Structures are given as C-alpha cells and as structure tokens.
Amino acid sequence: MSQLQPIKGTHDLMFEDVRRHRYVEETAFEIARRYGYGEIATPVFEFTDVFKRTLGDTSDIVTKEMFTFETKGGDNITLRPEGTAGVARAFISEGLAQQTPLKFFYRGPMFRYERPQKGRQRQFHQFGAELLGVASPQADVEVIALADHILKTLNLTGTTTLELNSLGDVESRLAYRDVLVSYLKGHEDKLSPDSRERLIRNPLRILDSKDPGDKAIAANAPQFTAHLNTASQDFFKAVQDGLSALGIGFKVVPALVRGLDYYGHTAFEFTTEALGAQGTVLAGGRYDGLIKQMGGPQTPGIGFAAGIERLAMLLPEIAAEKRPIAVIPIGDEESKVAQEITAKLRHEGFTVDMGYGGNMGKRMTRANKIKAVAAVILGSDEVREGVATVRNLDSGEQVKVAQADLARHLAGHK
RNA sequence: GCGGGUGUAGCUCAGUUGGUUAGAGCAUCUGGUUGUGGUCCAGAGGGUCGCGGGUUCGAGUCCCGUCACUCGCCCCA
C-alpha cells in the first residue's frame with residue numbers, strides 16, 4: 001500500500017468512473033439546453049462572505065463544513081460548498097437584473113469538510129439549474145419538469161421518487177414556525193439532544209429527524225400545509241396542478257424542509273432507497289429572497305442541484321466505449337507508412353490506436369487488451385504491394401485491402 | 001465532532017485454538033523458435049501481514065495506541 005494517498009474525501013476518477021460521471025453531466029446539460037438553459041461557469045472559490053450571507057450564519061454548512069482560508073493578500077475565501085450562491089453573486093456582479101428571465105445551468109466540483117461516507121465526499125460534483133426572475137408557479141413546474149426529464153433520460157425514474165412540499169411565503173413561514181416551536185416546547189423533554197439544539201437553530205429540521213422518539217413527536221405536530229396563507233396555498237396548488245398536467249408523479253411530504261435559509265414556497269427532492277443514508281439525489285426549491293439578501297435587486301428565483309456521484313452510482317449501465325482500430329506495423333520502414341495511414345484514418349473519423357513498440361505478438365496483445373475491432377497489419381509485403389492486411393479481431397478473418405480503400409473497407413467500424 | 005466495522009501481493013481475498021521458509025485466484029512477465037491477439041500448457045517475479053508499542057520461548061493471529069479506509073449519526077446533493 002502506497003504512502004501517497006489522496007486527501008481524505010477525494011478520489012481519483014478514471015476509466016469507467018469518469019465515463020459514468022461525464023455521461024450524467026452531458027445528459028443533464030443536453031436536456032437543459034432544450035429547456036433554454038445556458039451554461040454558466042463561476043469560480044470554484046468566492047469571498048467567504050458570499051456563502052455566509054446566502055446560506056445563513058447558523059447553517060451547518062457555514063458553521064462547520066466550509067473549506068475556508070486566507071490568501072497571501074489577506075482575503076478570506078472559501079471553496080464553494082454549493083453552486084447557487086456563486087450564480088447569485090454573478091447575477092449581481094454582472095448586472096444581469098435587466099435581462100431576466102435568465103436560465104443558467106452549471107456543473108463542477110463542490111467542497112464540504114464533512115466526514116466521508118457512502119455517497120458523500122469532501123470534493124464532490126454537482127450539476128444544477130437556476131431560473132432567475134420568474135415569480136410565477138409556472139417556473140417551478142418547468143424547473144421540476146426539467147429535473148424529472150433529466151432523471152428520466154438517465155433511466156432513473158424507477159429508482160427515484162419526487163417529494164414535494166411548500167415552505168410558504170415569509171409570512172406563512174414565520175407564523176408556522178411559532179406554532180411549531182410552541183408545540184415542540186411542550187415535548188422538549190422527550191426530544192433527542194440533537195433536536196433540542198435544533199429547536200433554537202432550525203426547528204423545521206426536527207420534522208425530518210431520524211430519531212424514533214422525534215419522529216413520534218413530529219408525526220403529531222401541526223402541519224405546515226394547514227398553516228399556509230391563501231396566497232401560499234394557491235401557489236402550491238398551481239405547482240401541483242401544473243405537474244399533474246404534465247404527468248409528473250409526486251408525493252407531498254409535509255416533513256420535507258430545507259437546511260438553507262433562502263428557500264421559500266416550493267421545495268422538492270428526488271430521493272432513492274438504493275444509496276443507504278444519502279438518499280437525496282437531486283434537490284431544489286424556490287429562493288425569492290436570495291438575490292435581495294445578497295444586496296441585489298429583488299429577484300425571484302428557483303433552481304436545483306444534483307449530486308453527480310450519487311446519480312452515477314445509480315446509473316444502470318451506459319453504452320460501451322467505441323472500439324478502436326489497431327494499426328500494427330512490422331519494422332521501421334513500415335512504421336512510417338503506418339503513421340500516415342493512422343493519421344489519415346483519424347481525420348476520416350475513425351478511432352485508431354497505434355502500438356508504440358514491441359514485436360508483432362506484443363502489439364497484437366495490446367490490440368486485444370484495448371478491445372480493438374480490427375487490426376490493420378503492415379509488413380514489408382503489404383507496403384511493397386500498397387495494401388494492408390485487415391484482421392477482424394472477433395472472427396479472426398483476414399483480408400488484404402488496398403491502402404487507398406481502407407477507409408471504405410473499415411466504414412462499419414467508425 | 002460522535003459510534004460500529006475493516007486494514008495480508010497491483011486487485012479480490014484465504015490464513016484453522018499464537019508455532020518453522022505467509023497462500024490462492026485474477027493481473028504482470030518469460031517460454032511453448034520465424035509476421036498474428038483473445039483460449040490452453042509450463043514457469044517466474046512480486047508482501048518490512050497499515051504503522052508504533054506491549055504480552056510471549058515464539059505474533060499476520062492476543063492487548064493498547066495511532067493512521068487510513070468504510071458504514072452509520074449529524075448535515076446534505
């Protein structure tokens with residue numbers, strides 16, 4: 001076992017892992033484009049303040065999970081723990097308020113200083129979408145439809161469930177919070193220590209506690225949906241009706257809440273049973289207060305983020321990589337011809353690998369290892385005659401083909 | 001930050017109640033003569049048993065510590 005190890009919670013991705021990773025990203029981006037989303041790539045680090053202001057001083061992410069450090073110039077910066085804050089900051093920095101509605105798609109690494117476990121790394125990857133400047137519930141429906149569409153395309157709708165809830169507008173949320181806290185205070189002695197702490201910092205979180213005792217108390221708690229004001233109720237209903245009209249199935253889960261402070265109204269999550277404790281695969285919601293809270297003009301927004309590693313783990317199977325053609329020269333003089341032929345075939349669109357040395361047996365072994373469909377063999381005889389021996393590596397059949405006809409002959413393997 | 005599990009060859013693992021030179025499969029390399037792989041056969045290389053200490057005549061095996069990985073709690077995607 002080597003002494004050199006990657007930093008805790010980080011991984012070297014290669015071969016199949018990277019392919020699955022990319023497949024998730026590309027698929028998501030491809031669908032997002034159809035919905036009119038354009039990619040935005042914000043920096044992986046920001047001033048620490050950007051996250052503190054958006055995520056709230058009391059959230060766990062800010063209080064204990066950020067990679068924060070000081071630069072040589074004395075700036076306090078943080079590796080982004082999530083993507084929305086950066087997009088919101090860019091929206092303000094670039095003065096984009098005049099151009100709404102705006103649809104952004106992003107992808108890339110995120111960093112959280114947590115204890116790693118299944119489906120949870122310190123450097124992980126997300127893709128996400130943000131729709132800025134639309135207050136109507138139509139936006140919520142479209143964003144959820146996009147998420148659903150992506151998961152459908154990834155063939156994951158069978159393994160995931162859409163959970164939906166409304167956190168209401170600010171008025172409803174504050175009112176409900178009071179009702180909930182006074183109910184929970186009545187049971188404070190029976191709450192878990194964690195939840196007693198949450199009672200002060202984030203009482204809504206107690207609703208989705210995993211502690212059995214908490215669950216029993218939460219089950220009888222006053223329901224959020226019953227405390228929404230009329231406007232919030234109408235909004236929630238419009239979202240539900242819109243989803244139903246599109247044939248998107250969902251489950252209303254009153255206990256579904258958010259850890260981040262800027263969410264209101266619609267909250268949604270696609271969850272799975274297949275990943276152990278880290279069941280959330282894609283989550284999002286509406287954040288109408290965020291831009292203003294950061295110092296920009298009042299701008300409604302809604303978006304989601306998805307964990308690429310988690311999705312990649314769920315992925316059933318992806319199409320095999322394209323099989324290359326192996327060009328195998330025998331001898332120095334032949335190598336020159338082989339190099340030309342290789343270059344030509346590549347420019348014609350073929351995937352071609354040429355051995356780097358060794359005798360013919362070695363090169364054949366390599367051709368086999370890289371799963372080549374065919375070997376193009378160039379010995380002295382072939383070069384003299386201006387032909388190549390093409391061996392089908394599955395059947396073992398060999399034919400001589402004029403070098404000028406190679407592209408046509410191999411066309412099926414493009 | 002808290003709890004459980006696991007660390008033996010490049011990979012996946014075996015290693016009996018502590019007992020000589022620590023094993024297997026896969027992978028790698030060589031050979032089975034010339035310009036033919038994948039199959040088959042023969043052989044080879046590769047391990048300070050995570051690290052440090054302790055118990056013992058003797059430790060991969062028992063004890064303590066430490067580090068790493070892993071699963072769960074917390075939190076989240």
Side-chain angles (χ1 to χ4, degrees), chain A residues 1-11 24 28 55 58-66 81-84 107-128 147 160 192-195 197-198 201-202 205 208-211 214 257-260 268-272 275-285 303-314 326 328-331 334 355 358-383 389-398:
Chain A
M1 202 158 290
S2 170
Q3 302 296 311
L4 271 181
Q5 295 199 327
I7 288 175
K8 185 200 279 281
T10 68
H11 294 281
V24 171
L55 302 176
T58 57
S59 74
D60 275 46
I61 291 183
V62 169
T63 53
K64 49 187 204 192
E65 294 176 2
M66 295 204 304
E82 56 96 45
T84 303
R107 52 177 157 181
M110 306 293 165
F111 307 85
R112 290 184 199 172
Y113 193 83
E114 301 180 275
R115 186 85 173 257
Q117 67 190 68
K118 188 173 185 180
R120 197 173 79 184
Q121 290 87 39
R122 288 186 172 183
Q123 174 174 340
F124 61 106
H125 298 79
Q126 290 188 330
F127 67 80
T160 57
S192 67
D194 278 334
S195 285
E197 177 66 21
R198 282 187 279 234
R201 283 187 22 222
N202 197 347
R205 273 272 150 202
D208 67 351
S209 170
K210 283 176 192 165
D211 181 89
D214 291 352
V257 293
R258 283 279 91 105
L260 310 183
F268 64 97
E269 245 173 62
F270 285 83
T271 59
T272 178
L275 247 40
Q278 315 304 320
T280 301
V281 120
L282 183 154
F304 66 78
I308 294 175
E309 282 83 356
R310 291 184 185 178
L311 289 171
M313 280 192 276
L314 289 180
I328 299 179
I330 307 157
E334 291 76 11
N359 59 28
M360 190 179 182
K362 269 202 164 68
R363 289 168 185 258
M364 286 298 283
T365 303
R366 176 172 166 83
N368 198 60
K369 199 159 24 186
I370 62 176
K371 298 192 174 72
V373 260
V376 173
I377 299 163
L378 290 158
S380 48
D381 295 350
E382 283 89 347
V383 169
T389 296
V390 176
R391 182 181 176 88
N392 179 315
L393 290 176
D394 293 331
S395 66
E397 285 169 30
Q398 292 190 182

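Quick caveat: nothing in here was measured; it's all calculated off a predicted structure. Here is how names work: the chains are called A, B, and so on, in the same order as the sequence lines, proteins then strands, and each is numbered from 1.
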| field | Distance in Å, A/Arg310 CZ paired with A/Thr271 OG1, rounded so as to fall on 0.5 Å steps | value | 11.5 Å
| query | Do you know which two heavy atoms are closest between A/Ser395 and A/Asn392, and how far apart they sit? | reply | N-OD1, 3.0 Å
| task | Mind checking A/Arg363 for me? I need base, sugar-phosphate or nothing, with any heavy atom below 4.0 Å counting as a touch. | result | nothing
| said: Once rounded to the nearest 0.5 Å, what's the spacing between atom CG of A/Leu282 and atom CZ of A/Phe127? | reply: 5.5 Å
| request: Look at all strands and tell whether A/Gly119 reaches a base, only sugar-phosphate, or nothing, counting heavy atoms closer than 4.0 Å. | output: base
| For A/Arg115 and A/Ile7, take the nucleotide of RNA chain B holding the closest heavy atom to each; which residue's nucleotide lies nearer the 5' end? | A/Arg115
| task | Only one of A/Asp381, A/Ile377, A/Leu378 passes side-chain contact (heavy atoms from CB on, under 4.5 Å) with A/Ile330; say which it is. | result | A/Ile377
| said: Can you check the distance between B/rU56 and B/rG3, where both ends of the measurement are the P atom (answer in whole Å)? | reply: 31 Å
| B/rC64 versus B/rC76 - spacing of their C1' atoms, nearest Å | 36 Å
| task | Give the intermediate values and the outcome of side-chain contact (heavy atoms from CB on, under 4.5 Å) for residues A/His125 and A/Met110. | result | CA-CA 6 Å; A/His125 298 79; A/Met110 306 293 165; over 6 Å; no
| request: Take atom NZ of A/Lys118 and atom C1' of B/rC69, then tell me their distance rounded to the nearest Å. | output: 15 Å
| message | Say we look at B/rG60 and B/rC13: how far apart would their C1' atoms be, to the nearest angstrom? | response | 14 Å
| Whole angstrom value for the distance that separates P of B/rG1 from CZ of A/Arg112 | 18 Å
| request: Flag the pair A/Met364 / A/Ile328 as yes when at least one side-chain heavy-atom distance between them is below 4.5 Å, and no otherwise. | output: yes
| Pairing partner of B/rU21 (Watson-Crick or G-U wobble, both distances under 3.5 Å) | none
Restricting to nitrogen or oxygen on both sides, can you table the protein-nucleotides 35-41 of chain B pairs closer than 3.5 Å?
| residue | atom | partner | partner atom | Å |
| --- | --- | --- | --- | --- |
| B/rG35 | O6 | A/Asp381 | N | 3.2 |
| B/rG35 | O6 | A/Asp381 | OD2 | 3.3 |
| B/rG35 | O6 | A/Glu382 | OE1 | 3.2 |
| B/rG35 | N1 | A/Glu382 | OE1 | 2.8 |
| B/rG35 | N1 | A/Glu382 | OE2 | 3.1 |
| B/rG35 | N2 | A/Glu382 | OE2 | 2.8 |
| B/rU36 | O2 | A/Arg391 | NE | 3.2 |
| B/rU36 | O2 | A/Arg391 | NH1 | 3.1 |
| B/rU36 | O2 | A/Gln398 | OE1 | 3.0 |
| B/rU36 | N3 | A/Gln398 | OE1 | 2.6 |
| B/rU36 | O4 | A/Gln398 | NE2 | 3.3 |
| B/rG37 | N7 | A/Arg391 | NH2 | 3.2 |
| B/rG37 | O6 | A/Arg391 | NE | 3.4 |
| B/rG37 | O6 | A/Arg391 | NH2 | 2.7 |
| B/rG37 | N1 | A/Leu393 | O | 2.7 |
| B/rG37 | N2 | A/Asn368 | OD1 | 2.9 |
| B/rG37 | N2 | A/Leu393 | O | 2.5 |
| B/rG37 | N3 | A/Asn368 | OD1 | 3.2 |
| B/rG38 | O4' | A/Asn368 | OD1 | 3.4 |
| B/rG38 | O4' | A/Asn368 | ND2 | 2.6 |
| B/rG38 | N2 | A/Asp394 | O | 3.2 |

| request: For the pair A/Thr365 (side chain) and A/Gly361 (backbone), establish whether a donor and an acceptor sit closer than 3.5 Å, ignoring hydrogens and angles. | output: yes
| query | Atom NZ of A/Lys64 to atom P of B/rC2: distance rounded to whole Å? | reply | 11 Å
| query | Reckon A/Gln117 has a side-chain N or O less than 4.0 Å from the OP1 or OP2 of B/rG72? | reply | yes
| Taking only side-chain nitrogens and oxygens of A/Lys362, does any of them come within less than 4.0 Å of OP1 or OP2 of B/rU30? | yes
| field | Euclidean distance, A/Arg205 CZ relative to A/Arg198 CZ, rounded to 0.5 Å | value | 8.0 Å
| message | Tell me the interatomic distance from A/Gln126, atom CD, to B/rC75, atom C1', rounded to whole angstroms. | response | 14 Å
| Could you give the CZ-to-C1' distance, from A/Arg120 to B/rC76, as a whole number of Å? | 7 Å
| task | Take atom C1' in B/rG15 and the same atom in B/rU20, then report the distance between them in whole Å. | result | 16 Å
| request: Scan A/Glu197 against the nucleic acid and name what it touches under 4.0 Å (heavy atoms): base, sugar-phosphate only, or nothing. | output: nothing
| Distance, P atom - from B/rG52 to B/rU33, rounded to whole angstrom | 49 Å
| field | Gap in Å between the two C1' atoms, one belonging to B/rG23 and one to B/rC69, rounded | value | 24 Å
| task | Go ahead and name the base partner of B/rC69; Watson-Crick or wobble counts if both distances stay under 3.5 Å, otherwise write none. | result | B/rG5
| query | Tell me: CD of A/Gln121 to C1' of B/rC71, nearest whole Å? | reply | 14 Å
| field | Watson-Crick or G-U wobble mate for B/rC49, both contacts under 3.5 Å | value | none
| Pair assignment for B/rU33, Watson-Crick or G-U wobble, requiring both distances under 3.5 Å | none
| Is there a Watson-Crick or G-U wobble partner for B/rC74 with both distances under 3.5 Å, and if so, which one is it? | none
| note | Residue pair A/Tyr113/A/Phe124 against RNA chain B: nearer the 5' end by closest nucleotide is A/Tyr113
| field | Whole-Å P distance, B/rC49 and B/rG53 | value | 13 Å
| query | Any N or O donor-acceptor pair linking the side chain of A/Arg205 to the base of B/rC74 at under 3.5 Å? | reply | no
| Between B/rU39 and B/rG72 - P atom distance, rounded Å | 38 Å
| note | Using Watson-Crick geometry (N1-N3 plus N6-O4 or O6-N4) or G-U wobble (N1-O2, O6-N3), each under 3.5 Å, B/rG38 is paired with none
| request: Examine distances only and state if a side-chain atom of A/Arg122 and a backbone atom of A/Phe111 form a donor-acceptor pair shorter than 3.5 Å. | output: no
| field | Closest to side chain of A/Pro116, choosing from B/rC76, B/rC74, B/rU70 | value | B/rU70
| task | Grab the CZ-P distance between A/Phe268 and B/rC76 for me, whole Å please. | result | 16 Å
| Whole angstrom value for the distance that separates C1' of B/rC71 from NZ of A/Lys8 | 13 Å
| query | Nearest to the side chain of A/Glu65 - B/rA77, B/rC75, B/rG72? | reply | B/rC75
| message | Is it the case that the side chain of A/Asp214 and the backbone of A/Ser209 share a donor-acceptor pair, with hydrogens and angles ignored and the cut-off at 3.5 Å? | response | no
